[in-house]
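Down below is the structure, laid out as structure tokens.
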2 protein chains.
Amino acid sequence: MTEKQERILHSALRLFATEGYASTSTSKVAKTAGVSEGLIFRHFGNKEGLLNAIMDQSKEAARQMVAEIILTPEPKELLRKLLEMPFNIGKEHYEMWRLVYALKWQTDQYDTSTQEPLKVALINAFQKLGYADPDAETELVLMFMDGAATALLLHEPDRKMEILSALKEKYKL
Amino acid sequence: MTEKQERILHSALRLFATEGYASTSTSKVAKTAGVSEGLIFRHFGNKEGLLNAIMDQSKEAARQMVAEIILTPEPKELLRKLLEMPFNIGKEHYEMWRLVYALKWQTDQYDTSTQEPLKVALINAFQKLGYADPDAETELVLMFMDGAATALLLHEPDRKMEILSALKEKYKL
DNA sequence: TACATTTGTAAGTGATTACTCACTACAGTT
DNA sequence: AACTGTAGTGAGTAATCACTTACAAATGTA
């Protein structure tokens with residue numbers, strides 16, 4: 001990966017996340033990155049290839065985040081770490097996550113395979129904790145994590161930690 | 001509102017919701033609606049004006065939905081109705097909601113004013129129910145409603161009602 | 001009937017789009 | 001030194017973009 005390739009990826013992530021994929025032109029990406037427009041196509045084939053390269057990086061980052069969490073043996077601790085996850089997204093990763101979340105609504109970009117292992121771990125945890133319906137409980141947690149991430153990425157409520165406390169209380173954590 | 005105006009609004013809603021606002025051309029809207037492209041600009045001024053007309057309709061629909069709910073005097077019943085709301089979105093309104101949710105991520109389109117009265121009603125309900133932190137509890141509910149709506153609009157989980165039950169249990173409903 | 005207003009169209013406009021092409025610069029290999 | 005492959009550029013391309021304009025048809029209104 002040359003320096004200019006990284007510059008392209010970085011600029012594209014920023015622009016796609018803030019202004020949207022469709023409304024960001026390849027010429028603007030090139031200008032922002034300080035490279036010729038042709039270079040984008042040399043390295044990434046087409047505009048979608050550029051997006052895919054970014055999304056591959058993002059998926060790998062997400063995979064790593066959940067990978068260590070789902071190894072937690074104690075079910076209560078696993079649940080706690082999971083619920084805390086959206087609240088612990090670092091500001092430096094906001095652009096990446098904004099892009100991921102925005103693209104969910106692009107018809108062809110929705111992908112559930114990433115969260116499959118997380119689902120399995122959660123069902124298992126709820127089973128161990130004796131919940132009546134581990135599957136439903138898992139879906140509920142995933143829904144909440146999605147809503148929490150959305151809220152935090154879009155308008156960063158004050159009193160984050162109080163909200164998290166109220167949530168933890170629901171699971172007696 | 002002439003028939004052709006309604007045809008334009010209907011086609012635009014469908015296209016904006018399924019393919020995205022930025023990637024839908026005015027010419028495609030016109031073609032789908034079976035009118036000349038110029039008519040769009042005659043009635044709505046420009047592409048953004050067309051979007052605004054759609055969003056005005058959507059906001060009014062949303063306003064009506066919450067309006068009747070927040071009048072509920074009994075706090076437990078209010079909470080129940082609110083939590084059930086995302087699960088009761090009719091399929092015929094999916095396009096509208098998909099557009100609303102997708103546009104949240106468009107930098108300039110995020111608007112909290114609509115949910116302000118809902119917030120007030122919820123805080124009040126949690127106070128009456130003796131919750132320790134009604135504000136945090138309210139934010140939590142709003143986050144969940146957002147996550148639930150997202151999940152339901154994007155991939156319609158089976159066992160919706162079991163998920164809703166698991167949720168209601170958290171609030172002893 | 002005469003006139004004014006609104007609704008509608010067809011054919012444009014310049015600007016921008018994603019992408020291509022011919023080319024140069026350079027590093028590594030034999 | 002000769003050759004190969006990759007990195008990078010700048011000037012194109014046709015197509016599409018949002019939008020305009022000139023004009024016709026329909027509708028109301030006196």
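Labels below follow one simple rule: chain letters A, B, ... track the order of the sequence lines, proteins then strands, and each chain is numbered from 1. Quick note: numbers below take in every heavy atom, side chains included, and nothing from hydrogens, waters or symmetry partners.
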Can you tell me the distance, in whole Å, between the [atom1] atom of [X] and the [atom2] atom of [N]?
{"X": "A:Phe41", "N": "D:dA7", "atom1": "CZ", "atom2": "C1'", "result": "16 Å"}
{"X": "B:Ile40", "N": "D:dT20", "atom1": "CD1", "atom2": "P", "result": "13 Å"}
{"X": "B:Glu3", "N": "D:dA26", "atom1": "CD", "atom2": "P", "result": "15 Å"}
{"X": "B:Gln5", "N": "D:dT27", "atom1": "CD", "atom2": "P", "result": "15 Å"}
{"X": "B:Arg42", "N": "C:dT9", "atom1": "CZ", "atom2": "C1'", "result": "10 Å"}
{"X": "B:Phe44", "N": "C:dG8", "atom1": "CZ", "atom2": "P", "result": "10 Å"}
{"X": "B:Lys31", "N": "D:dA18", "atom1": "NZ", "atom2": "C1'", "result": "14 Å"}
{"X": "B:Leu39", "N": "D:dT21", "atom1": "CG", "atom2": "P", "result": "17 Å"}

Has [X] got a side-chain N or O lying under 4.0 Å from the OP1 or OP2 atom of [N]?
{"X": "A:Lys47", "N": "C:dT17", "value": "no"}
{"X": "B:Thr2", "N": "C:dG8", "value": "yes"}
{"X": "B:His43", "N": "C:dG8", "value": "yes"}
{"X": "B:Lys28", "N": "D:dT16", "value": "no"}
{"X": "A:Thr26", "N": "C:dA18", "value": "yes"}

| Residue closer to the 5' end of DNA chain C, A:Ser25 versus B:Glu37 (nearest nucleotide) |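 So the residue in question is B:Glu37.
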| Modelled atom types, side-chain donor and acceptor of A:Thr26 and A:Glu37, under 3.5 Å |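 Short answer, yes.
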| message | Under 3.5 Å, is there a donor on one side chain and an acceptor on the other for A:Glu77 and A:Thr72? | response |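 A:Thr72 and A:Glu77 do not have a side-chain donor-acceptor pair below 3.5 Å.
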| message | Using a 4.0 Å heavy-atom cut-off, does B:Ser23 contact any base of the nucleic acid, only the sugar-phosphate backbone, or nothing at all? | response |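 Nothing, no heavy atom under 4.0 Å.
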| field | Salt-bridge contact A:Glu60-A:Arg63 (side-chain N to carboxylate O under 4.0 Å) | value |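 Yes, A:Glu60 and A:Arg63 are salt-bridged.
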| field | Ionic contact status for B:Lys168 with B:Glu84, cut-off 4.0 Å | value |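 A salt bridge is present here (some side-chain N lies under 4.0 Å from a carboxylate O).
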| request: If the plane angle is over 60° it's perpendicular, under 30° parallel, otherwise tilted; pick one for B:Tyr131 and B:Phe126. | output: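 B:Tyr131 and B:Phe126: perpendicular rings.
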